[in-house]
Number of protein chains: 2
Amino acid sequence: MTQPETLAFHAHDHAHCAGDTLARAEALAAEQGLRLTPVRRRVLQLLLEAHRAMGAYEVLDRLAAEGFGNQPPVAYRALEFLVENGFAHRLHRLNAFAACMHPGEDHSPVFLICRSCDAVAEAPADPVRRALAEAGEAAGFAIERMTVEAMGLCPACRAAEAA
Amino acid sequence: MTQPETLAFHAHDHAHCAGDTLARAEALAAEQGLRLTPVRRRVLQLLLEAHRAMGAYEVLDRLAAEGFGNQPPVAYRALEFLVENGFAHRLHRLNAFAACMHPGEDHSPVFLICRSCDAVAEAPADPVRRALAEAGEAAGFAIERMTVEAMGLCPACRAAEAA
DNA sequence: AGCCGAATGTGATTTTGTAACATGACGCAG
DNA sequence: CTGCGTCATGTTACAAAATCACATTCGGCT
Ligand SMILES: [Zn+2]
Ligand SMILES: [Zn+2]
Ligand SMILES: [Zn+2]
Ligand SMILES: [Zn+2]
């Protein structure tokens with residue numbers, strides 16, 4: 001199920017990782033009767049290949065260049081679909097989107113966002129979720145969804161900055 | 001120091017709580033040589049009185065109605081000042097701002113945001129911060145700032161919805 | 001008075017996100 | 001095959017959020 005924490009930061013065969021995740025997403029979509037249409041598929045692919053957060057208009061530019069529609073709703077609708085079905089996530093601090101690296105797990109992960117290179121990693125969220133649930137309960141607050149985004153420096157940029 | 005968790009959700013003497021926090025903020029500003037000018041002071045007061053998240057343009061409208069400038073930078077600059085100096089917080093999910101109920105504690109709290117009435121409470125963040133720090137460390141990621149926002153239902157709206 | 005830096009006012013612009021409606025593709029009932 | 005309903009896409013226009021650039025004003029200081 002949960003693959004051995006392939007964090008975006010670690011050096012990895014990127015083409016492979018992106019292709020692999022796309023394949024899993026496609027299988028998943030088929031399984032659930034979701035229609036991963038050309039635009040949607042292409043957007044997911046863009047996000048996977050970038051392996052970082054992309055703004056809606058950045059996505060739109062790519063789409064337009066490839067012959068898809070060139071108006072905002074085209075990008076926003078595809079992104080909304082991906083987010084709603086767990087193929088991508090929205091990063092509120094950046095007004096941007098990133099592909100989900102663990103599709104099909106129905107998670108609301110913790111994001112680690114590098115302020116220098118914009119790389120985004122999903123970290124295991126369970127401990128954080130538990131702590132948060134406790135805080136909510138203490139206040140009588142019923143938590144439905146959570147957003148956890150940490151800004152900082154990824155290992156690579158950290159090393160670069162130290163130099 | 002940390003007062004006994006006066007969460008926004010609990011029934012409380014609102015005028016008193018707002019006035020009190022404003023007074024503390026003023027003392028704090030004086031102490032630190034920060035200039036809590038009329039616009040800045042008024043914006044903080046607005047946020048405190050509302051006791052919920054307010055958008056920048058909502059703030060701006062109030063300011064304009066009271067004779068301050070009526071262009072976006074007026075509101076954004078005041079809000080930026082308040083956020084940078086710990087008198088207010090930004091809520092990324094809402095593109096909005098809320099007064100800090102614990103100024104001077106240099107915290108990045110956990111927010112509990114009611115999706116029904118927009119009330120915002122700051123909950124103790126230490127357990128969450130610890131869990132998050134651990135997740136970051138495991139990935140070699142140096143966390144500098146965190147955003148934790150939980151959406152859900154406050155006690156009041158929860159009761160109302162159950163009815 | 002004269003100067004300086006911080007704060008404010010103002011106009012214009014950019015960036016981000018939606019509403020509303022028209023068109024086109026697909027599956028299916030008749 | 002025809003007509004119909006549904007979903008996805010395209011397109012126009014617009015709204016909301018945020019920033020840029022520049023002029024002006026206000027304190028404190030010399
Ligand atoms: Zn994910
Ligand atoms: Zn980095
Ligand atoms: Zn606070
Ligand atoms: Zn509520």
Side-chain angles (χ1 to χ4, degrees), chain A residues 25-26 29-30 32-47 52-85 87-98 113 118 147 149, chain B residues 25-26 29-30 32-47 52-85 87-98 113 118 147 149:
Chain A
E26 277 179 331
Q32 303 182 4
L34 296 172
R35 299 179 52 185
L36 199 51
T37 62
V39 212
R40 295 169 177 175
R41 198 192 121 98
R42 185 65 187 120
V43 170
L44 179 53
Q45 200 172 27
L46 284 171
L47 292 177
R52 63 179 176 81
M54 290 180 77
Y57 281 74
E58 193 182 350
V59 169
L60 179 58
D61 284 346
R62 306 283 200 111
L63 291 179
E66 297 176 17
F68 293 97
N70 62 345
Q71 297 302 314
V74 173
Y76 278 102
R77 284 196 286 235
L79 289 166
E80 184 187 11
F81 170 89
L82 294 174
V83 169
E84 282 198 343
N85 296 104
F87 299 121
H89 298 289
R90 179 166 202 156
L91 296 157
H92 286 87
R93 280 196 77 119
L94 305 180
N95 292 335
F97 302 81
I113 307 169
D118 270 358
T147 299
E149 302 176 6
Chain B
E26 278 178 330
Q32 302 181 6
L34 296 172
R35 300 178 51 184
L36 200 52
T37 62
V39 213
R40 293 168 178 175
R41 198 192 121 96
R42 185 69 187 117
V43 170
L44 178 53
Q45 202 172 25
L46 284 170
L47 293 178
R52 63 179 175 82
M54 290 181 76
Y57 280 75
E58 196 180 349
V59 170
L60 179 58
D61 285 346
R62 306 283 201 109
L63 291 179
E66 298 177 17
F68 294 98
N70 63 344
Q71 298 300 313
V74 173
Y76 278 103
R77 285 195 286 233
L79 289 166
E80 184 187 11
F81 170 88
L82 294 174
V83 169
E84 282 198 343
N85 295 105
F87 299 120
H89 298 289
R90 179 166 201 156
L91 296 158
H92 286 86
R93 282 195 77 121
L94 305 180
N95 291 335
F97 302 81
I113 307 169
D118 269 0
T147 298
E149 302 176 7

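Atoms considered below: every heavy atom in the structure, side chains included; atoms not considered: hydrogens, waters and symmetry mates. Below, read A as the first sequence line, B as the second, and so on, with proteins coming before strands; counting in each chain starts at 1.
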Need two values: the first and the last nucleotide of DNA chain C, 5' to 3', having an atom under 4.0 Å from any heavy-atom of chain B.
C:dA6 to C:dG11
Between B:Ala75 and B:Ala56, the two heavy atoms sitting closest are CB-O, 3.6 Å
Could you grab the distance from atom CG of A:Leu82 to atom CZ of A:Arg77, nearest 0.5 Å is fine?
13.5 Å
When every non-hydrogen atom of A:His92 is compared with those of A:Thr147, the smallest separation belongs to ND1-CG2, 4.1 Å
Take nucleotides 12-24 of chain D nucleotide by nucleotide from the 5' end and write B, S or -, depending on whether a protein heavy atom sits under 4.0 Å from the base, only from the sugar-phosphate, or from neither.
B----BBBB----
Please name the pair of heavy atoms, one in B:Tyr57 and one in B:Pro72, separated by the smallest distance, quoted to 0.1 Å.
OH-CG, 3.4 Å
Given A:Phe97, which partner from the list A:Val43, A:Val83, A:Leu46 fulfils the side chain to side chain contact (heavy atoms under 4.5 Å, CB included) test?
A:Val83
With rounding to the nearest 0.5 angstrom, report the CG to CG distance, B:Asn70 to B:Leu60.
6.5 Å
I need the minimum non-hydrogen distance between A:Val74 and A:Gly69, along with the two atoms involved.
CG2-CA, 3.9 Å
Nearest 0.5 angstrom please: B:Phe81 CZ to B:Leu36 CG, how far?
6.0 Å
Please confirm whether the backbone N or O of B:Arg35 pairs with a side-chain atom of B:Arg40, one donor and one acceptor, at under 3.5 Å?
yes
Rounded to the Å, how far apart are A:Glu84 CD and D:dA8 P?
11 Å
Integer-rounded Å distance: D:dT9 P and A:Glu66 CD:
15 Å
Please tabulate the protein-to-nucleotide N/O contacts below 3.5 Å involving nucleotides 26-28 of chain D, giving atom names and distances.
none

Please check if atom CZ in B:Arg62 has more than 12 non-hydrogen atoms from other residues, nucleotides or ligands closer than 6.0 Å.
no
